*Asks:* 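Please find one structure pasted underneath; my questions will follow.
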Amino acid sequence: MSATSIYEYANPAQFERVADRAFTLALIAALVLGAFGLYFALFNSPADYQQGETVRIMYVHVPAAWMAMFCYSAMAAASAAGFIWKHPLADVAAKETAPIGAGFTFLALVTGSLWGKPMWGAWWAWDARLTSVLILFFLYIGYMTLWRAIPDKTRAAKLAAILAIVGFVNVPIIKFSVDWWNSLHQPASIIRADGPTIHGSMLTPLFLMIGAYMAGYVAMLLASMKNELAARRLARMEQLETTKPAGLVER
Amino acid sequence: MSAFAAVIVRDVTLAFRAGGGALQAVSFFALTIVLFALAVGPDLSLMSDIASPVLWAGALLATMISLEQIYRPDREDGSLDALVECGDSLVFIALAKALAHWISTGLLLVAAAPLLALLLNLEGSALAPLVISLLIGTVGLSLIGAFAGALAAALPRAGVLIAVIVSPLYAPILIFGSGAASAGAAGDPQYGANLMLLAASSLFAAIISPLASAAALRFNLD
Amino acid sequence: MTKKKRQRLFVFGGVFAAAALAVGLTLTALSGSITYFYTPSELAKLDATPDRPIRLGGLVAEGSVRYEQANTGDIAHFTVTDGGAEVAVSYAGVLPDLFRVGQGVVVQGRMTDANVMAADNVLAKHDESYMPKEVADALKEQGLWQHDEVGS
Amino acid sequence: MVSSDRWRWERAPVWSAAMSDASAFAVSLSARDLAVARGGRIIVENVSLDLKPGDAIVLKGANGAGKTTLLRALAGLLPPAAGEITLSDEDARVFCGTLNASKAALSVDENLQFWTALYDAPSGAAVSARSALGLDAFAARPAGQLSTGYARRLGLARLLIANRPLWFVDEPIAGLDAGSVKTFEAILNQHREKGGGVIVATHEAIDIPNARMMEISH
């Protein structure tokens with residue numbers, strides 16, 4: 001079979017059929033979960049004993065920060081899968097996850113500073129968690145810039161995959177160093193360092209929102225993967241008429 | 001002489017020959033400090049408070065601008081092919097390239113730091129911690145930087161791209177390094193802990209970067 | 001075995017050794033006392049009060065908060081205690097809005113006397129527990145509540 | 001004209017031993033339905049060929065047909081998109097592309113000495129390669145100041161220093177004058193007599209006795 005491009009080896013046609021159904025499902029799930037989540041977050045949950053109403057930003061901020069990290073891990077996993085099983089769709093998934101992850105990271109940063117303003121008295125007070133999210137944002141920027149900078153997309157896929165894996169391995173170290181840096185200048189909570197204790201009644205909206213963000217991610221990912229595959233097929237079509245693969249003939 | 005040593009000797013020689021990266025990095029380091037001092041103004045007590053962190057950040061930036069020279073020239077003149085096909089495993093060659101960059105650029109920055117520290121009125125007690133932390137930290141900077149250089153080997157103008165890729169990866173080294181320098185200056189018991197974490201970061205970079213660089217170079221050959 | 005195989009073995013050995021060393025260094029660094037601030041009783045135990053800027057952590061003592069009008073803006077005076085010793089702190093600046101009696105604070109500044117500190121930075125750290133008001137009140141009735149509620 | 005001694009490292013000369021022992025060179029390469037891609041597109045496919053000791057293949061093809069990409073894949077510098085290449089010794093191949101893999105700021109001797117150490121060649125290899133390609137007059141001159149022809153000779157000298165059985169050379173005689181072409185043809189023949197194989201990609205007429213001609217075409 002004369003394959004005209006290494007993408008022909010993965011059969012995107014099968015992916016297309018699955019993607020369409022999964023996309024609509026994920027979209028519906030995102031909207032439903034989002035609606036319930038917001039309802040619970042804004043109306044049906046109590047104010048915080050210390051911060052009062054401003055704590056409601058948490059229902060948007062915490063899921064966004066959580067998704068920012070999840071997307072980067074998904075990118076690293078897809079990149080590793082691209083290397084181990086050499087499946088071109090894995091590279092496309094990693095490439096398309098990046099902008100979504102960067103979006104969640106940016107949302108986490110904005111809502112984080114909105115939430116911090118009343119508490120710290122400043123829009124940005126280099127809180128340990130927010131600083132780690134900011135550095136994670138630059139990891140995304142680096143990844144996407146590398147993709148864009150390399151003309152040959154198959155090489156870009158492999159190099160970006162290596163960067164995603166190296167970046168992922170460094171995330172815990174960065175997180176640790178930022179906490180360490182933060183504890184030097186702003187000591188962490190004095191009374192209890194065993195992590196935030198969130199009361200039961202505030203958990204339900206939180207998990208609803210995380211579910212909504214997750215479903216939204218899956219929907220956006222599938223949509224952008226379909227569009228990327230279509231774009232690549234189009235680009236290949238344009239090249240196809242001009243050059244077919246040659247053979248080697250002994251004279 | 002093994003290929004490992006040959007690569008180091010060649011790269012260090014090249015770094016000091018015409019157009020080499022070493023002197024460019026040191027001059028960038030110096031001008032960063034001078035510009036910073038001009039911006040801050042002649043307030044000596046303020047300067048000495050921020051001298052260590054500024055010197056550390058300056059050394060990091062100076063390292064960053066010289067990373068492009070590690071692999072791109074080799075790819076452009078074809079010697080990358082020789083490096084890849086020679087008998088030594090590519091991980092070794094990648095380690096040699098990073099060490100060569102450290103020797104030609106990192107050590108030079110460390111040597112220049114005390115002189116530039118005078119410009120910023122650094123206290124005497126702060127000099128030793130600064131130099132020691134820079135000595136350990138620049139190893140990590142060169143290793144991680146060499147990886148970024150390997151990623152961008154095939155790109156003609158990759159200076160900014162490398163900086164964007166490498167800056168988040170530099171965060172731990174900058175934090176522990178500058179932390180050590182400042183803690184050392186203030187006689188803070190944290191000095192030892194910071195130094196050890198800095199050394200651990202450089203060691204971690206020594207494990208990850210050559211392996212990742214070797215993988216990246218294989219994709220930058222065609 | 002060929003040079004490359006020998007080197008591959010050497011690489012694995014090197015990676016293992018470097019990893020062990022890195023972990024060792026990290027653990028020793030962490031095991032060292034990471035008290036980044038003194039408590040009043042630790043400060044009292046020190047023979048000479050440190051003259052360099054230090055960090056002092058503790059709770060704002062009951063009824064010790066008073067404000068003194070000065071031409072450069074009001075100066076806050078309060079006592080930081082950890083149940084053992086106490087340190088009187090003066091701070092000419094805006095207190096963070098989470099600052100209140102019984103709240104954990106970390107004060108950065110220099111000791112002007114045995115247990116008197118001139119602070120140039122006060123940090124009221126949010127203690128990261130999110131609990132509805134009603135539950136907080138309920139806890140108070142059963143006397144389990146450690147923060148005593150003042151205003152806000 | 002003294003070559004810079006700073007670079008000279010003494011090691012027991014195994015050069016002569018390897019010369020006579022043809023079996024060390026008896027390495028053959030076989031490719032089975034190989035396909036190579038450039039920029040994600042397959043440009044050459046269904047390539048099957050064998051290179052046995054003493055063989056020579058001349059690869060021809062129009063510009064952009066994929067000669068260099070195929071040559072690099074056969075040389076092991078580029079992972080093939082499909083098919084596989086089998087050969088008995090992993091370090092048996094050396095590739096000399098249109099770039100001369102030499103550093104402009106280093107002198108001819110420094111470049112040759114570097115390759116000697118890089119390919120773990122005996123210390124005499126640099127001098128004999130230099131004289132074999134008539135570069136003795138330029139030992140101390142920076143490679144960047146050589147003319148195109150001499151720079152090409154320096155690039156070809158690496159093939160000799162590497163002392164490996166399978167040569168893959170892209171446009172070997174580009175920019176060489178008639179005398180230099182003859183020199184290179186003689187070097188090729190000597191290499192094949194020792195049992196070495198070579199694949200040359202070129203447009204120009206090059207006299208390689210009983211070489212197999214292959215062309216990349218549709």
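Reminder, nothing fancy here: chain letters follow the sequence lines and each chain counts from 1. What you see is a predicted model, and the numbers here were worked out from it, not measured in a lab.
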*Asks:* Please state whether the side chain, the backbone, both or neither of D:N100 comes within less than 4.5 Å of a heavy atom of chain B.
*Replies:*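 For D:N100, the backbone is the part near chain B, not the side chain.
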*Asks:* At a heavy-atom separation under 4.5 Å, does D:T68 approach chain B through its side chain, its backbone, both, or neither?
*Replies:*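 D:T68 has no heavy atom closer than 4.5 Å to chain B.
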*Asks:* Counting distance only, does the side-chain N/O of D:S131 pair as donor-acceptor with the main-chain N or O of D:S128 below 3.5 Å?
*Replies:*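 Yes, D:S131 side chain to D:S128 backbone: donor-acceptor pair under 3.5 Å.
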*Asks:* Considering only heavy atoms, which portion of D:R93 lies under 4.5 Å from any heavy atom of chain B: side chain, backbone, both, or neither?
*Replies:* backbone
*Asks:* Evaluate the criterion side-chain hydrogen bond (donor to acceptor under 3.5 Å, both in side chains) for residue pair D:Y119 and D:R164; output intermediate values, then yes/no.
*Replies:* CA-CA 9 Å; D:Y119 288 97; D:R164 290 184 168 182; 5.7 Å; no
*Asks:* Using a strict cut-off of less than 4.0 Å between a Lys/Arg side-chain nitrogen and an Asp/Glu carboxylate oxygen, indicate whether D:K103 and B:D77 qualify as a salt bridge.
*Replies:*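 Salt bridge flag = yes for B:D77 with D:K103.
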*Asks:* Measuring heavy-atom distances to chain D, does B:L83 have an atom under 4.5 Å in its side chain, in its backbone, in both, or in neither?
*Replies:* both
*Asks:* Count the heavy-atom pairs under 4.5 Å between each of B:V7, B:V84, B:D88 and chain D, then report the option with the highest count.
*Replies:*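 Among B:V7, B:V84, B:D88, the one with the most close pairs to chain D is B:V7.
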*Asks:* In terms of heavy-atom proximity below 4.5 Å to chain B, should D:L78 be classed as side chain, backbone, both, or neither?
*Replies:* side chain
*Asks:* So D:Y150 and D:F138, would you call those rings parallel, tilted or perpendicular, with 30° and 60° as cut-offs?
*Replies:* tilted
*Asks:* Under the criterion side chain to side chain contact (heavy atoms under 4.5 Å, CB included), I'd like the reasoning laid out for B:L134 against B:L109: C-alpha separation, chi angles, the key distance, then a yes or no.
*Replies:* CA-CA 8 Å; B:L134 276 176; B:L109 295 177; over 6 Å; no
